[in-house]
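What follows is a short report on a single structure.
Letters A, B, ... mirror the listed sequences (proteins, then strands); counts begin at 1.
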Amino acid sequence: MNYWLVKSEPFVYSWNDFVTAGKSVWDGVRNYQARNNLQAMKEGDWVLFYHSNEGMEVVGIAQVLKEAYPDPTTDDPRWVVVELVPVQPLAKPVTLKQIKADNRLDQIALIRQSRLSVMPIRPEEFDVILSLSQNEST
DNA sequence: GCCAACGTTGGC
DNA sequence: GCCAACGTTGGC
């Protein structure tokens, strides 16, 4: 079982849009590293949903519904999509500020590689974020 | 709105 | 193959 984090600008596609739709084809990825991460996703993997630019917080948990296949929005065979389903919103969103302040998350790709839009998360990092989401005071 | 980080492109 | 120029992302 693997863990991931995907970013979305809420103006473009928010967690609420995702929940309303019921599932999402994660298209438009045009970065090789992000693409490689999409290809490594397995059905049932856990995915954190992060709002970039506006919000700057982890807002929900999703799961991989369908593994990588060619991106239907382009003829270019290099790019792929996956399909994701929303599982549940976080009780309390976990902000970038909280993540930066927590030394257990010093190595998280979200901080170390701020421009990457699809990234792997370590199981322990996933657990830390979930615990932060349940804790009113941190 | 600005700028740092970083990926991509293209000239040589 | 190197590197300067340029474009994009995303935090502040």
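With hydrogens and angles disregarded, no donor-acceptor distance shorter than 3.5 Å links the side chain of A:D127 to the backbone of A:E124.
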Working for ring pair (Phe, Tyr, Trp, His ring centres under 6.0 Å), residues A:W79 and A:Y32 | CA-CA 8 Å; A:W79 308 118; A:Y32 289 109; 5.0 Å; yes
Could you walk me through whether A:R78 and A:R30 pass the side chain to side chain contact (heavy atoms under 4.5 Å, CB included) test, one step at a time?
-> CA-CA 9 Å; A:R78 293 176 299 173; A:R30 297 292 182 269; over 6 Å; no
Report each atom pair, protein N/O against N/O of nucleotides 9-12 of chain C, whose distance is under 3.5 angstrom.
from   : atom 1 : to     : atom 2 : distance (Å)
C:dG10 : OP1    : A:K7   : NZ     : 3.4
C:dG10 : OP1    : A:R115 : O      : 3.4
C:dG11 : OP1    : A:Y50  : OH     : 3.0
C:dG11 : OP2    : A:N53  : N      : 3.0
C:dC12 : OP1    : A:K100 : NZ     : 2.5

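Across the protein-nucleic acid pair, A:Y32 atom OH and B:dG7 atom C1' stand 11 Å apart, rounded to whole Å. Taking atom CZ on A:R30 and atom C1' on C:dT8, their separation rounds to 14 Å, with Å as the unit. The CZ-C1' distance, from A:R35 to B:dG7, rounds to 14 Å in whole Å.
Dense packing is recorded around CG of A:D76, with more than 12 heavy atoms of other residues, nucleotides or ligands lying under 6.0 Å away.
The shortest distance between side-chain heavy atoms of A:K42 and A:V64 does not fall below 4.5 Å.
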